[in-house]
Asks: 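Next up is a structure, given as structure tokens.
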Amino acid sequence: MSAHTSPAIELRGASKTFRTPSGGLHTAVRGLDLAVGRGEFVAVVGPTGCGKSTTLTLVSGLEEPSEGEVLVAGEPVDGVGDKVGFVFQQDATFPWRTVLSNVMAGPRFRGVPKAEARQKAREWLARVGLAAFEDRYPHQLSGGQRKRVALAATFVNDPEILLMDEPFSALDVQTRALMSDELLELWEGTGASVVFVTHDLEESIALADKVVVMTAGPATVKQVFDIDLPRPRKVESVRLEPRFIEIYREIWESLGEEVRITRERGAAHVA
């Protein structure tokens with residue numbers, strides 16, 4: 001299979017074991033098989049602490065698998081590549097830099113000349129509705145505005161792979177819906193492949209082409225659901241569709257079982 005026909009992301013039997021502070025071993029993911037197609041938006045859901053974020057760190061190259069393989073564009077992942085963008089749950093902006101300087105940072109780091117980096121940064125700030133805020137500092141912005149800066153700072157690098165770890169979880173409900181719509185608008189047409197980790201099943205269905213349900217830890221793929229809702233989508237209106245509700249019930253039947261297992265394990269541990 002050539003790089004052009006291979007999946008954008010592929011995990012083959014990937015496992016990750018960490019040493020705990022007490023000296024024991026903790027397996028976060030085990031025997032994980034997952035493929036993400038080019039230009040595909042895949043959401044990953046699972047119980048709290050099951051290893052969803054570890055999956056992202058393996059794809060990004062921030063962590064190496066203890067066993068198995070992780071491939072991007074058909075090539076084994078070897079360190080953090082410049083084709084990958086990562087949007088974290090916490091704001092990853094530089095507090096001492098202006099909004100414009102934050103968005104310019106990635107292209108400058110990659111060797112883009114200053115004038116070109118500034119132009120590209122301004123284009124993306126305009127796309128996320130922050131053109132008038134380029135001279136502000138992150139602490140002068142709202143939570144939603146800071147998240148827009150993070151999206152602009154990611155998309156300005158033209159990533160082929162976009163990894164998102166609960167990026168909107170700290171936002172209020174209304175801002176979260178607006179940011180979800182904004183993400184879909186920014187993503188459509190880029191050709192980027194997205195892996196989006198979330199605790200919110202509704203969010204995953206509204207955004208994704210596929211929803212991957214992970215088992216209670218150590219995580220592996222339990223089930224993959226195709227989301228046959230047409231695009232383009234508006235998050236608030238798509239949630240009212242009868243088909244959306246059908247899909248939600250179907251996935252929750254699978255996910256709810258893993259959430260119960262995790263809760264029972266926690267209760268047993270306390271007892």
Asks: Measure up the Phe41 and Trp187 rings against each other and bin them: parallel (under 30°), tilted (30 to 60°), perpendicular (over 60°).
Replies: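 Aromatic pair Phe41/Trp187 classed perpendicular.
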Asks: Show, in sequence, the C-alpha distance, side-chain angles and deciding distance for Arg231 and Asp209, and conclude whether the salt bridge (Lys or Arg N to Asp or Glu O under 4.0 Å) test is met.
Replies: CA-CA 10 Å; Arg231 294 193 186 276; Asp209 299 311; 2.9 Å; yes
Asks: Please say which of Glu116, Arg122, Glu123 ends up in a side-chain hydrogen bond (donor to acceptor under 3.5 Å, both in side chains) with Gln119.
Replies: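 Answer after filtering Glu116, Arg122, Glu123: Glu123.
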Asks: Once you measure the plane-to-plane angle for Trp96 and Phe94, does it fall in the parallel (<30°), tilted (30-60°) or perpendicular (>60°) bin?
Replies: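 Rings of Trp96 and Phe94: tilted, as their planes differ by 30° to 60°.
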Asks: Consider salt bridge (Lys or Arg N to Asp or Glu O under 4.0 Å). Of Lys83, Arg110, Lys120, which one does Asp158 pass it with?
Replies: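 Exactly one pass, corresponding to Lys120.
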Asks: Contact between Leu32 and Val221 at the side-chain level, heavy atoms closer than 4.5 Å - yes or no?
Replies: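 Answer yes - side chains close enough.
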Asks: Heavy-atom distance under 4.5 Å between the side chains of Ile227 and Arg233, does that happen here?
Replies: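 They are in side-chain contact.
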Asks: Within the supplied structure, the quantity of interest is the number of heavy atoms (other residues, nucleotides, ligands) at a distance under 6.0 Å from Gln140 CD; does it exceed 12?
Replies: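 Counting neighbours around CD of Gln140, more than 12 heavy atoms of other residues, nucleotides or ligands fall under 6.0 Å, so yes.
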Asks: Has Arg30 got more than 12 heavy atoms of other residues, nucleotides or ligands less than 6.0 Å from its CZ?
Replies: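 No, not enclosed.
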Asks: Are any non-hydrogen side-chain atoms of Thr55 and Met214 less than 4.5 angstrom apart?
Replies: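 SC-SC contact between Thr55 and Met214 confirmed.
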Asks: Do the non-hydrogen side-chain atoms of Thr98 and Glu134 ever get within less than 4.5 Å of each other?
Replies: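 Result no, sub-4.5 Å side-chain heavy-atom pair not found.
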Asks: Show the numbers, then the answer: is there a salt bridge (Lys or Arg N to Asp or Glu O under 4.0 Å) between Asp228 and Arg243?
Replies: CA-CA 9 Å; Asp228 56 3; Arg243 179 63 186 140; 2.9 Å; yes
Asks: About how many Å separate CG of Leu229 and CD of Glu246, when rounded to the nearest 0.5 Å?
Replies: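 Glu246 CD to Leu229 CG: 10.0 Å, rounded to 0.5 Å.
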Asks: Is it true that a side-chain atom of Thr93 and a backbone atom of Pro95 form a donor plus acceptor pair closer than 3.5 Å?
Replies: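 Such a contact is absent between Thr93 side chain and Pro95 backbone.
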Asks: A side-chain contact here means heavy atoms from C-beta on lying under 4.5 Å apart; do Leu162 and Phe155 qualify?
Replies: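 A side-chain contact exists here, since the closest heavy-atom pair is under 4.5 Å.
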Asks: Run the side chain to side chain contact (heavy atoms under 4.5 Å, CB included) test on Lys16 and His26 for me, step by step, so that the C-alpha distance in whole Å, both residues' side-chain angles and the decisive distance to 0.1 Å come before the verdict.
Replies: CA-CA 8 Å; Lys16 182 64 182 178; His26 169 68; over 6 Å; no
Asks: Report yes if some heavy atom in the side chain of Ile251 is under 4.5 Å from a heavy atom in the side chain of Ile205; otherwise report no.
Replies: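 In short, these two side chains touch, coming nearer than 4.5 Å.
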Asks: Would you indicate whether the side-chain heavy atoms of Leu130 and Arg136 approach each other to under 4.5 Å?
Replies: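 Result no, sub-4.5 Å side-chain heavy-atom pair not found.
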Asks: How long is the span from the CD atom in Glu166 to the CZ atom in Phe88, to the nearest 0.5 Å?
Replies: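 So the CD of Glu166 and the CZ of Phe88 are separated by 13.0 Å.
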